[in-house]
Amino acid sequence: MTSKGAGTAFSRKSYRLSSEPEKSKVTGMGLWRHSSAVLLNAAQLSLRVSSATLVSDQVAEGRLGPSTVVLDHTSGFEGLLLVDDDLLGVIGHSNFGSIRATTCVYKGKWIYEVLISSQGLMQIGWCTLNCKFNQEEGVGDTPDSYAYDGNRVRKWNVTTTNYGKSWAAGDIVSCLIDLDEGTIAFCLNGMSLGTAFDNITRGAGMAYFPAISLSFKESVAFNFGSRPLRYPLHVQRGGYCPLQDPPVADLVKAHKLLGYLKNVIHIGIDVTEGKLVEKDTSMWQLQGEPTVLITLAHIFNYFSPLLCKVYLVEDVLMTFLLSILERGGAVEAHPLIQQLLDLMWLLMEEYEVHECLKQLLMSLLRAYRFSPIIPDLGLQIHYLRLTIAVLKHEKSRKYLLSNVLFDVLRSVVFFYIKSPLRVEEAGLQELIPTTWWPNRFTKEGKENKEMKEESAEERLRRRAYERGCQRLKKRIEVVEGLQVQILKLLLNNKDRGGGEASRYIFLNKFRKFLQENASNRGNLTVLCPPEYMVCFLHRLIAALRSFWDGHKAKTPATVGSEEAYVPPQLFYNGKVDYFDLQRLGGLLSHLKKTLKDDLAAKANVLIDPAELQAVTMDDLDEDEESATSAAQRPSAALAIGGALARPGWLSSPTLGRANRFLSTAAVSLMNPRRPLGTLEKIKVRTLSVEQRTEEDIEGSHGNEGLLLGKPPEEPDQPITENSLLEVLDGIIMMYNLSVHQQLGKMVGVSDDVNEYAMALKDTEEKISRCPKRRRDIREELLKSQKVFSEKLNHLSRRLAWINVTIYSKEKMQDIYWLLRVCIRTIEHGDRTGSLFAFMPEFYLSVAMNSYSALKNYFSPVNSMEELPGYEETLMRLAAILAKHFADSRIVGTDIRDSLMQALASYVCYPHSLRAVERIPEEQRISMMKSLLAPYEQRPWAQTNWILVRLWRGCGFGYRYTRLPHLLKTKPEDASLPSLQKPCPSTLLQRHMADLLRSDRDLAPSFLNSVLNQLNWAFSEFIGMIQEIQQAAERLERNFVDSRQLKVCATCFDLSVSLLRVLEMTVTLAPEIFLDWNRPSSELLLRRLAQLLNQVLNRVTAERNLFDRVVNLRLPGLESVDHYPILVAVTGILVRLLVDTDAQGVEHATAVLLADPCFQLRSIQYLLGHAEPSALAAAAPAAEKRRFSLHSYTDYISTEELVKVDKMLHHLSEESKQAAATTLPTSEEDLCPICYAHPISAIFRPCSHKSCKACINQHLMNNKDCFFCKATITGSPAPHRGFPAARWLLPKYSCCPEQGGCSVGLGAAGRERLVAGGAASPCQAPGPQQPPCPMGHSQGGEPQASALWQHWEHAAVPGQGRGPAWAFRLLPCPWLGADFMKRSIKLFFLMWCPEPWGGEARPVLGSEPVLRPRSVDGNINI
């Protein structure tokens, strides 16, 4: 395995070479003599390594298979997998895919390493050739296969037991097998986890392959020895050998050549004395001496081919360069690395330099990502310093930017600081010896501001913890500073020597990076992980602001970074490509067609119609191209290695090369797509990323570059360099892609700390209350206390790391800066008028999400109120939300919903609500007018919620945060907007009242829509609880769908919120209902009274459906209770009947009592009064508590209760007087629609009749006649002496009633039907029809009871639910079929849903008719 002179293995923990060639002792020899010796040594090198070459070519004993070990992508896999082109990285693409290596071992000690890229479910280990895997069983699940699973912390060999430690992304697992002793062991980051298996099967035919099974989206990369092992065990563990032999001969040769190179660097020429002298290598420079140059050329002649091999680059070159930087100091203090890079570009072939630099950066990236975290972060700092030193070399930097950093490497990894999963190994116990956690939360999870001040001991702990956090912060800031230096090098725009500046190369690559992540949101193998994005965003902001402020210092007339924004012309001039991202006004192609005149007039941007057509046709060509390529692509190639165009983020830890799909079905599941970077063939005024130059971006000689097409509304003041504007635009897009999501995800650690802190506090309280005699309970509680304390110690240290890297004050200021940038950008775009539609939607999304992040994610650590300009920023954001949630220029439903939700959340918190009140009055009034627009044809639930929040705290019994009956249940998240304390806005209420009073068209349309939605929501709720009740009463075991319960609860909540809006309207502008000089007041009041009576009747009936469902206490229906809906109705009634003038009380009382559904017992129910019959029936159940508003004195004031008593007394007296003075009314004089009011209107032109209330209500939604569907042109009121109703149809005569109710419901049923609803006109089709079975004949005028003879009913079996009532309408040739169907409406409206405790099922002939759900008659059959 080794040869003489090969030396010992090199430790990865030391960057100095273990054995270096001795320095030359010659000090007096001449120049030519020394150079000859050097050349002679180089010439003789090939002779000295010949024996090593022979040894390395021999096959190692105990191993079978190819000398280059890779994953077996031809036959050694199961399931669907993605494998990198180097056949070392793999991603699971099925349930549980498995794959093994190409080489096996049967004797000796062997090791390989696995680099963990994701910490999910994987089983890593060894298997034999006979192991058969499937989608459910993998490595370790079969005999003769052994695996370690760090996700579940177990070992597997058919059975499983606990073993090892949990792994995390960035860890390295070493898999060891000792076939001499028959043992298998594993190491995690070089630390032994102990022997996992012993007495493994050995003998003839038994050979073990490295193998892995991994679940969907999990990924790793293997190192069988193609690169130096990170944690070699050659000496320390008794000589474990990697499966792939190291290139021993090349290693010896490379180390010798490196020694000669060092000799040349160490030796200088003393020209005066003509001798060689030693000198400081850090100051060495190539000064052009011919002898030195010739010597170096001979060295590199042998050295250059070796520097193209990954093993030698990582083991020899990278180690040497790191040793140069070990002396400390700034990177600039070590110019030797720059000199060596100059030598490489001078003395090596170009392709050799390219490969060497690629392998060097690859090794640096891998070393940085998979270095263990130590307290001082020394390893990460060292690798970053060398990266900076390499990138400082201009020619190397430009090559790496153009070809490697974003194309081959995942360079974003350089800007990531991983979070330690095991805080002990990261040294956080020494760095933060004292832990602390907030103890200010109650058991409900809410912040308890009334708790006593912290004790002296707690104060000392907190301060010690904060000092530890500061020490950690200082060390992490060093790493962050180095990462920012890397980005500053990549953003350098002054290095124009030898081609384009680095910044413009970076811009093109950065845009392609954004395109990959924006266009492949569902493909996780392509997306940059969000945790990388967060770190990259903060470093990029720091570098950008540094360049921005630097330019400001040189050019004072420009805008500083504190006032930065993106000018609107970037969104429509085509200089920056936004891929397929949605614009505010819709698709870009549509906007260019519809707004081409505005573009020409305002921005001087001309759109060629032919080009627009070409863009449209190109979209079609793209689809055809995709289909053609799919047909032409060989299926076999797809199965064993179809190349992917996108780099994979989850596979190989450093490379983003093309991947291979492996499938046991030999079928690829990946749809072919266009190669990355191929943009549309014709895109108006848009340059391909590869085609853009510095002039296209910055502009020159009258060319404005990115700022082409400035609108007249934009100021003439220059902003900054155009290239920085594009970087800023990309940063905002990055935040929208995944950063906000990751910020919300990491808050979970803080939530865990709070939960464990509450559990620990609760346990300590139980210990204090535990009786001394119960030692067993006390011991269990003490164990729990210890577990919670240990978990809190771990989480508090981990939380300190997260707070420093993600939620620090500096990170908060970055997000705040982004918020202000977005606000200014939106404001500038808004001034452009119609061109505002070109702005991408993500600008509005980032503005809303960044504010949400500042408010919800950073608040436990830093307060948003401390940010500079906080109040002004809140007000400007409020103005944006108030203006644009109903902006006609914004057409996307998703972004409109987001704006509405953001505004709804905004008004829930006092500080943000006050910001809304500070916006200009004109904008406030416009916002309120938009909120009062009719609810139809738009999302109205959020609008209604906003109005409710503006009212909450002012309504009757509406000062609660949580419903009274939910106080003893498990609390919800206290940060939810719905759980915030009431904060009503009297200013916005006043605007609402003024609008409703002044605009006579606005109030009726708004209130009509509110009443319609209330009718719908409550009707749906009643129908759903009926179905829930029926399901609960069935004898067989059944479950109610949780989604149905959720919808039911939502309908109830909507009903309550709509009632509160009506209460708000009645309180603020009662004249809308009570001033009958207004044309629609009486109608609105009647509709309101009708709905209120229906709600009261349904909710307050004794032992009714509502009661039964509430008593079930089903999960999901927690919010359904008597209190919220009854106090909302009570608030409306009190305002109408008590808190108004005498005339208003008279009108409201008359309408309420005139409604046929009014029941005084419903009002009595509010105060706990019961009917005498109900009291008698409820005597056995006297212990049952009755509902009464008097029981809620914590929520309802004494003054409010007095008003309810006064209202009940008033209605009692008025109902008595009404009953005494009511005269009998002829049936024919009643409205045939409602049967509650006399006829007072005739329809034109059909002359049908109804009461004025019914026709006015109908005409608000429909212009067709109830009966004949003719379009109504007018409905004048008849004279006071108008005769009884007669249906006079122009084409038909009608039959008189014959013989009374001999068939059907009988007299009692007929009385109830006639009292609750009306018959429709009897329409005879003609004399040629057969005779009526009821004996009806043609001629005369029918009475109202003519139709009821055709109804019959019967009790039928209810399928285990008791009897149900079925109704059948017998056909009559003299009564039109359409007319008879329409009569079903009021019939079943009165009988359903619970006339006898069952359900009513209407049937016309043999065809069933769906039961309508309605409470006011506005239904369709």
Side-chain angles (χ1 to χ4, degrees), residues 493 541 544-576 578 583-585 591 595 597-606 685 695-732 816-840 842-844 846-847 868-869 872-880 882-884 887 889 919-920 922-923:
N493 67 334
I541 288 177
L544 171 68
R545 297 194 66 178
S546 174
F547 279 105
W548 196 302
D549 291 333
H551 182 74
K552 167 71 175 176
K554 296 178 182 177
T555 314
T558 57
V559 175
S561 65
E562 283 297 331
E563 299 297 324
Y565 70 95
V566 179
Q569 52 265 44
L570 262 68
F571 308 137
Y572 56 74
N573 63 15
K575 295 292 184 178
V576 177
Y578 290 98
R583 308 299 181 102
L584 293 178
L591 292 175
L595 298 178
D597 294 336
D598 292 341
L599 283 173
K602 294 184 177 182
N604 197 26
V605 175
L606 302 178
R685 298 187 176 274
E695 183 177 348
D696 296 321
I697 296 173
E698 300 290 359
S700 63
H701 307 295
N703 176 18
E704 298 179 85
L706 294 183
L707 299 183
L708 178 68
K710 186 180 74 172
E713 295 83 4
E714 272 296 285
D716 294 330
Q717 181 185 12
I719 305 174
T720 187
E721 297 172 282
N722 293 355
S723 53
L724 298 182
L725 293 175
E726 184 172 344
V727 175
L728 176 57
D729 176 79
I731 289 174
I732 297 172
Y816 182 62
W817 181 74
L818 270 188
L819 168 62
R820 291 166 65 91
V821 167
C822 289
I823 289 176
R824 282 188 290 268
T825 301
I826 295 169
E827 290 173 343
H828 280 263
D830 181 38
R831 298 185 193 125
T832 62
S834 59
L835 300 185
F836 179 62
F838 283 94
M839 179 178 288
F842 65 78
Y843 273 86
L844 282 171
V846 171
E872 180 194 2
T873 301
L874 274 188
M875 186 190 70
R876 293 170 69 178
L877 180 58
I880 289 173
K883 180 174 183 179
H884 296 299
D887 193 339
R889 296 171 295 181
I919 66 177
E922 181 181 355
Q923 293 185 15

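In terms of the ring pair (Phe, Tyr, Trp, His ring centres under 6.0 Å) criterion, Phe547 has no residue partners (sequence neighbours excluded). Applying the ring pair (Phe, Tyr, Trp, His ring centres under 6.0 Å) test to Phe836 and every residue at least two apart in sequence or in another chain returns His884. Residues meeting the ring pair (Phe, Tyr, Trp, His ring centres under 6.0 Å) test with Tyr565, sequence neighbours left out: His828.
A distance-only check finds a donor-acceptor pair linking the side chain of Tyr816 to the backbone of Pro868 [under 3.5 Å]. Side chain of Trp817 to main chain of Ser561: a donor-acceptor pair is present (N/O by atom type, distance under 3.5 Å, no hydrogens or angles). Under the 3.5 Å distance criterion, the side-chain polar atoms of Gln569 are left unmatched by any main-chain donor or acceptor of Pro711. Panel note: side chain Arg583, backbone Phe571; a donor-acceptor pair is recorded below 3.5 Å. With Arg831 contributing its side chain and Glu714 its backbone, the two residues share no donor-acceptor pair below 3.5 Å. A distance-only check finds no donor-acceptor pair linking the side chain of Thr720 to the backbone of Trp548 [under 3.5 Å]. Counting only distance, with no hydrogens or angles, the side chain of Asn573 and the backbone of Leu708 share a donor-acceptor pair below 3.5 Å. Formation of a donor-acceptor pair under 3.5 Å by the Tyr572 side chain with backbone atoms of Ala603 is not found in this model. Under a 3.5 Å cut-off, the side chain of Lys552 and the backbone N or O of Thr558 do form a donor-acceptor pair.
At a threshold of 4.5 Å between non-hydrogen side-chain atoms, the residues Ile719 and Pro567 count as touching. Contact annotation: the side chain of Pro568 never approaches that of Met839 to less than 4.5 Å [non-hydrogen atoms, C-beta and beyond]. Arg889 has its side chain out of reach of Leu584: every pair of non-hydrogen atoms, C-beta onward, lies at least 4.5 Å apart. Residues Ile880 and Arg876 have side chains not in contact (no heavy-atom distance under 4.5 Å, counting atoms from C-beta outward). Leu706 has its side chain within reach of Ile697: a pair of non-hydrogen atoms, C-beta onward, lies under 4.5 Å apart.
Scanning both residues, Leu595 and Ser834, for their nearest heavy atoms gives CD1-O, 3.6 Å. The minimum heavy-atom distance between Ala847 and Ile826, with the atom names listed, is CB-CD1, 4.0 Å. Across all non-hydrogen atoms, the minimal contact from Ala878 to Ile919 is CB-CG2, 4.1 Å. Contact record, Gly709 with Val605: CA-CG2, 4.2 Å, taken as the closest heavy-atom pair.
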Practice task
Report the C-alpha separation of Lys602 and Thr832 in whole Å, then their side-chain angles, then the decisive distance to 0.1 Å, and conclude whether the side chain to side chain contact (heavy atoms under 4.5 Å, CB included) test is met.
Solution key: CA-CA 8 Å; Lys602 294 184 177 182; Thr832 62; 5.7 Å; no
Practice task
Verify side chain to side chain contact (heavy atoms under 4.5 Å, CB included) between Ile731 and Val821, making sure each step is shown before the conclusion.
Solution key: CA-CA 11 Å; Ile731 289 174; Val821 167; over 6 Å; no
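Summarising the geometry, atom CG belonging to Leu728 is positioned 8.0 Å from atom SG belonging to Cys822; distances are rounded to the nearest 0.5 Å. If you take CD on Glu726 and CG on Leu570, they are separated by 7.5 Å, rounding to the nearest 0.5 Å. Note: Arg820 CZ to Glu563 CD = 6.5 Å, rounded to the nearest 0.5 Å. For the atom pair Tyr578 OH and Asp729 CG, the distance stands at 3.5 Å (nearest 0.5 Å). Expressed to the nearest 0.5 Å, how far CG of Leu819 lies from CD1 of Ile732 amounts to 10.5 Å. Annotation: the span from Glu713 atom CD to Asp830 atom CG amounts to 10.0 Å, rounded to 0.5 Å.
A salt bridge does not link Glu704 with Lys710: every distance from a Lys NZ or Arg NE/NH1/NH2 to an Asp or Glu carboxylate oxygen is 4.0 Å or more.
Counting non-hydrogen atoms of other residues, nucleotides and ligands closer than 6.0 Å to CD of Glu922 gives a total of 12 or fewer.
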